[in-house]
Structure formats: structure tokens, C-alpha cells
Colleague: 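So that we are looking at the same thing, I have put the structure below in C-alpha cells.
A quick note: this is a predicted structure, and the numbers were derived from the prediction, not measured. All values below were derived from every heavy atom in this structure, side-chain atoms included, with hydrogens, water molecules and symmetry-related copies excluded.
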Amino acid sequence: MDKADALFNPSLEAALKKLDPEDGEQIVEYFKTHALLTREKALLQASVRDQKKLLVENGKLKKDIEQLRVQLQEKQRRRTAKALFSTPPPNISPAPTTPVNQPPAGATAAVPTSPPPPSSSSSHDQRYRHSRRGRGERKARPTPDSLSLGVEPRVDVSRLDLRVGRIISVRRHPLAETLSVQEVDVGENANRMVVSKLGAETHLEELQGALAVLLCNVKACKVRGVVSMARLLCCSTSDDVSEMLVPPTGSAPGDRVTFNSYPGDPDRELQSKQRVWELLQPDLQVDCRGVANYKGCRFEVKGKGLCRAPSLTNCIIR
């Protein structure tokens, strides 16, 4: 209680004992205990804030190290390419010319005899050797593609641009009964059209005005004649039983869904050849408490809370 004594004013203690001689000492002890608990609570909150700050700084350091590694590999590739292409080509000496014999002064000019023409077989062999030498030189010449050092891009959930969106309107797809078309506000100047496959038990009229989580950096594509410009995230146990993933209370259209352990920036647009969504989707799940997560790291809207499934647990996110 020494720390509590330091926090409590002695004059106030004396005044309380004077006002209530019987219970004054107990009241003072209660205030000292309460002051000590308040101080410990403040210290605990400060340590939690410091831990979160260290996690964010750790993520930034990892990102900086990755950028430096990429720059180092790029410099090494350029240095190798410069060393190879700066090698001078071998000098090709010109073919020796046979000098024309000059007749000595006063001698009779002799009729020059032409050398015998080379046989067709020897000329063919020379052309064949020359063509083989040319082909060998072309094969040995390095190309820029062979010099490039492959840098494997990261494949984690930070590459997904997940945002909160509000469903403005919803209707059945005109050409498919199992599909629906939603007009969604994701915090941009214009709304996006999204084509989704919801469960058979979903009532479309209840979705109007609801908040949802959307993947916004997918490539726009036509689905049965309607252009879909985002992906609506749902959790499901089967094709017939599914629910939309719900952002925390207080979220607004355009809010980013982030992950503490994966602080990177999302791609401008996911490339279909890299199959990023297909690689990440098996690790997107809802746990036993109904909280959406990626490899145990929870979907979070900063300062507002976690993304959850309305009623399903232990299921996948698609």
C-alpha cells in the first residue's frame, strides 16, 4: 500500500477520519485500494498500446526489408546484364588476298593460269561449317529473359482490397434464377454492380440497405450478360446455406478491412494469371465464435470492430 499512500493526500485522510471517526479509516483504505487499481489499469492499457504499436512497426520493417531485397536483386540483374553485353565481339580477320605476281622487268608477260575451281563438295562443306558456326553463336548469345532474376511476389491477404459497402438495390438476374444483381456503394463517386450467388433461403428484399464486405480489386467481368465489378463475401456451409459477411456496427461505405499481421497495401487489380484469390480462399474461414479470419488473423475495421457471420460458425468464406 506504499504506492497508494503516495497517491492519497494526507490532509484528506485526516479530514475523513475527523468527520467519521468510526468508519473513516475504512473509507480511507477503500480509496487507497481504488487508487492503486486505477493506476494498475492505466499501466496495463499503456502496455497494450505499446504492444500494438510494436506490431505495426514490425510490419513496416518487414515491408521495408522486402523492398530492399527487391532493389538489391534488380541491381544485381542489371550488373550481370551490363557485364555480359559489354564483352567485345571477337575480331574477324579478313580473308587473305592472293597478290597478283608482277612479271620482272624485261621479262615476257606470261599468260596467267587460273587456279582450278573448287569442287562442289568442298564449297558445300564450307557453307555447312559456316552455318553451323553461326547457329552456335546465336544459341550461345545470352538474352535479357535469361538474365532476369525471378522475384516471387508475396501471396497473403494484404493483396486483397476488402471494403465495406452498402447495398442500394438488389434484384434477380434476368437470365439466371440462382444469381442476383446488387448495386453497391463502396465509398466511390459511382456505385458498383455486383453479381452474386446467394443461398436459396436468402430473401432479397431484406438485403436492401444492409452493409456487406466486398472484394473491390477483382477484374470486372461479365456474368451471364451483366458486368460484375466486385465480389460479395459470403460464409457458407453448403450451396443452399449461406450468409453475407457483416461488418461491425458503425462502419461506413468505403471503410477498409485490415489485418494486424499483414499490413501491406492491396494490389491495384488482381491478375487472373497469378490466381491470388484462388490461393488465399481456402484460408478464409469463420471460427467457432463466428468471427471471420485469415490463418487466425481476424477481419477488422480499424476503430470499429470485427467482421462476423450472422449465425454460422466453423465454415468457409467464398
Colleague: Could you point out which residue of Arg69, Lys62, Lys63 forms a side chain to side chain donor-acceptor pair (under 3.5 Å) with Glu66?
Modeller: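 One option only clears the test, and that one is Arg69.
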
Colleague: Compare all side-chain heavy atoms of Arg256 with those of Pro266 and state whether any distance is below 4.5 angstrom.
Modeller: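 Side-chain contact under 4.5 Å: yes.
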
Colleague: Only one of Leu207, Val170, Leu232 clears side chain to side chain contact (heavy atoms under 4.5 Å, CB included) with Ser196; which?
Modeller: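 So, applying the side chain to side chain contact (heavy atoms under 4.5 Å, CB included) to Ser196 and each of Leu207, Val170, Leu232, only Leu232 qualifies.
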
Colleague: Please check this pair: side chain of Glu243 against backbone of Ser311, looking for a donor-acceptor N/O pair closer than 3.5 Å.
Modeller: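 Looks like yes, one N/O pair under 3.5 Å.
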
Colleague: Roughly how far, to the nearest 0.5 Å, is the CZ atom of Arg289 from the OG1 atom of Thr313?
Modeller: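 Here the interatomic distance stands at 12.5 Å.
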
Colleague: Between Val155 and Leu160, is there a shared hydrophobic cluster once you connect ILVMFWY residues whose side-chain heavy atoms come closer than 4.5 Å?
Modeller: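 Same hydrophobic cluster.
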
Colleague: I'd like to know if Glu188 and Arg192 make a salt bridge, using a cut-off of under 4.0 Å between side-chain N and carboxylate O.
Modeller: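 Yes.
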
Colleague: Side-chain contact, heavy-atom cut-off 4.5 Å: Glu269 with Val218?
Modeller: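 No. Closest side-chain heavy atoms not under 4.5 Å.
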
Colleague: Salt bridge check, Asp161 against Arg163: does any charged N sit closer than 4.0 Å to a carboxylate O?
Modeller: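 Judged by the 4.0 Å cut-off on N to carboxylate O distance, Arg163 and Asp161 do form a salt bridge.
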
Colleague: I'd like to know if the side chain of Thr80 reaches the main chain of Gln76, judged simply by a donor and an acceptor atom lying under 3.5 Å from each other, with no hydrogens or angles considered.
Modeller: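 It does hold such a pair.
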
Colleague: Answer yes or no: is there a side-chain heavy-atom contact under 4.5 Å between Ile316 and Thr237?
Modeller: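 A side-chain contact is absent here, since even the closest heavy-atom pair is not under 4.5 Å.
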
Colleague: Is the distance between the ring centroids of Phe299 and Tyr294 under 6.0 Å?
Modeller: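 Here the rings of Tyr294 and Phe299 have centres that are no less than 6.0 Å from each other.
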
Colleague: If you take all heavy atoms of Ala230 and Leu214, which pair is closest and at what distance?
Modeller: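 Minimum heavy-atom separation between Ala230 and Leu214: CB-CD2, 4.1 Å.
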
Colleague: Kindly indicate whether the side chain of Ser158, heavy atoms from C-beta on, has any atom under 4.5 Å from the side chain of Arg154.
Modeller: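 Yes, close enough: below the 4.5 Å cut-off.
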
Colleague: A quick test of your reading: do over 12 heavy atoms of other residues, nucleotides or ligands sit less than 6.0 Å from NZ of Lys197?
Modeller: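 Open: at most 12 neighbouring heavy atoms sit under 6.0 Å from NZ of Lys197.
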
Colleague: Please check: side-chain N/O of Asp287 versus main-chain N/O of Val291, any donor-acceptor pairing under 3.5 Å?
Modeller: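 Yes, because the side chain of Asp287 sits within donor-acceptor range (under 3.5 Å) of the backbone of Val291.
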
Colleague: Report the distance from atom CD of Glu300 to atom CG of Asp255, rounding to the nearest 0.5 Å.
Modeller: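 That separation rounds to 12.0 Å.
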
Colleague: Mind running side chain to side chain donor-acceptor pair (under 3.5 Å) on Gln182 and Ser169 for me, showing each step along the way?
Modeller: CA-CA 6 Å; Gln182 299 91 24; Ser169 64; over 6 Å; no

Colleague: How close do Arg166 and Pro253 get, counting heavy atoms only, and between which atoms?
Modeller: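 Arg166 and Pro253 have their closest heavy atoms at CB-CG, 3.9 Å.
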
Colleague: Are Asp267 and Arg159 within salt-bridge range, i.e. N to O under 4.0 Å?
Modeller: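 Salt bridge between Asp267 and Arg159, a charged N being under 4.0 Å from a carboxylate O: yes.
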
Colleague: Under the criterion side-chain contact (heavy atoms from CB on, under 4.5 Å), I'd like the reasoning laid out for Leu204 against Arg171: C-alpha separation, chi angles, the key distance, then a yes or no.
Modeller: CA-CA 7 Å; Leu204 298 183; Arg171 58 185 173 86; over 6 Å; no

Colleague: On a heavy-atom basis, which atom in Val194 and which in Ser228 lie closest, and how many Å separate them?
Modeller: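 Scanning both residues, the minimum pair turns out to be CA-OG, 3.8 Å.
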
Colleague: Does a salt bridge link Lys60 with Glu57, judged by any charged N lying under 4.0 Å from a carboxylate O?
Modeller: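 Looking at Glu57 together with Lys60, the answer is no, because their closest N to O distance does not fall below 4.0 Å.
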
Colleague: Hey, could you give me the SG/CE distance between Cys235 and Met244, rounded to the nearest 0.5 Å?
Modeller: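 Interatomic distance, Cys235 SG to Met244 CE, rounded to 0.5 Å: 10.0 Å.
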
Colleague: Do Arg308 side-chain atoms and Gly290 backbone N/O form a donor-acceptor pair below 3.5 Å?
Modeller: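 No, because the side chain of Arg308 does not come within donor-acceptor range (under 3.5 Å) of the backbone of Gly290.
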
Colleague: So, taking the atom named CG in Leu245 and the one named CG in Leu312, what distance separates them when rounded to the nearest 0.5 Å?
Modeller: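 Answer rounded to 0.5 Å: 10.5 Å.
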
Colleague: Are Asn191 and Glu183 close enough, and set up right, to give a side chain to side chain donor-acceptor pair (under 3.5 Å), and what steps lead you there?
Modeller: CA-CA 6 Å; Asn191 298 334; Glu183 182 183 358; 3.0 Å; yes

Colleague: Roughly how far, to the nearest 0.5 Å, is the CG atom of Leu270 from the CG atom of Leu215?
Modeller: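 Separation between the atoms: 6.0 Å.
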
Colleague: Decide whether Leu279 and Val157 are clustered together by the hydrophobic rule: side chain heavy atoms of Ile, Leu, Val, Met, Phe, Trp, Tyr closer than 4.5 Å, transitively.
Modeller: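 Same hydrophobic cluster.
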
Colleague: Going hydrophobic residue to hydrophobic residue with side-chain gaps under 4.5 angstrom, can you get from Val56 over to Val301?
Modeller: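 Shared cluster, no.
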
Colleague: Treating Ile, Leu, Val, Met, Phe, Trp and Tyr as nodes and any side-chain heavy-atom pair under 4.5 angstrom as an edge, say whether Val257 and Leu280 lie in one connected cluster.
Modeller: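 Yes, it is one cluster - the side chains of Val257 and Leu280 are joined through contacts under 4.5 Å.
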
Colleague: Taking Asn314 for its side chain and Cys288 for its backbone only, find out whether a donor-acceptor pair lies under 3.5 Å.
Modeller: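 Here the side-chain-to-backbone pair exists.
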
Colleague: Taking the side chain as every heavy atom from C-beta outward, state whether Leu284 and Trp277 have any atom pair closer than 4.5 Å.
Modeller: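 Yes, at least one pair of side-chain atoms sits under 4.5 Å.
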
Colleague: Side chains of Ile168 and Gln208, heavy atoms from C-beta outward: is any pair under 4.5 Å?
Modeller: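 They are not in contact (no side-chain heavy atoms under 4.5 Å apart), so the answer is no.
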
Colleague: Run the salt-bridge test on Arg77 and Glu74 with the 4.0 Å N-O cut-off and return the result as yes or no.
Modeller: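 Answer for the salt bridge query: yes.
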
Colleague: Identify the two heavy atoms, one from Pro248 and one from Cys307, that lie closest to each other, and give their separation to 0.1 Å.
Modeller: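 Distance-wise, the nearest heavy atoms are CD-SG, 4.0 Å.
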
Colleague: Kindly indicate whether the side chain of Lys53, heavy atoms from C-beta on, has any atom under 4.5 Å from the side chain of Arg49.
Modeller: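 The answer is no, as the side chains (C-beta and beyond) never meet within the 4.5 Å cut-off.
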
Colleague: With a 6.0 Å cut-off (strictly less than), is the heavy-atom count around CD of Glu177, excluding the residue itself, greater than 12?
Modeller: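 Atom CD in Glu177 is not packed in, count stays at 12 or less.
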
Colleague: Can you tell me how far CD of Gln274 sits from OG of Ser272, rounded to the nearest 0.5 angstrom?
Modeller: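 Answer for the OG-CD pair, Ser272 versus Gln274, is 9.0 Å.
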
Colleague: Say whether Asn260 and Lys302, considering side chains only, have a donor N or O and an acceptor N or O under 3.5 Å apart.
Modeller: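 Yes, Lys302 and Asn260 have a side-chain donor paired with an acceptor closer than 3.5 Å.
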
Colleague: Without hydrogens or angle criteria, can the side chains of Ser236 and Arg318 be said to hold a donor-acceptor pair below 3.5 Å?
Modeller: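 Judged by distance alone, the side chains do pair up.
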
Colleague: So, does Arg224 use its side chain to make a donor-acceptor pair with the main chain of Leu175 at under 3.5 Å?
Modeller: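 Pair found, side chain donor or acceptor close to backbone of Leu175.
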
Colleague: Minimum heavy-atom separation for Ala292 to Ile317, with atom names?
Modeller: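 Scanning both residues completely, I find the closest heavy atoms to be CB-CD1, 3.7 Å.
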
Colleague: Is it true that Val181 and Val184 fall in one hydrophobic cluster, defined by side-chain heavy atoms closer than 4.5 Å?
Modeller: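 Different clusters: Val181 never reaches Val184 through Ile, Leu, Val, Met, Phe, Trp or Tyr contacts under 4.5 Å.
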
Colleague: How close do Arg298 and Phe259 get, counting heavy atoms only, and between which atoms?
Modeller: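 Closest pair (atom of Arg298, atom of Phe259, distance): O-CD2, 3.6 Å.
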
Colleague: With a cut-off of 6.0 Å (strictly less than), are more than 12 heavy atoms of other residues, nucleotides or ligands near CD of Gln67?
Modeller: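 Yes.
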
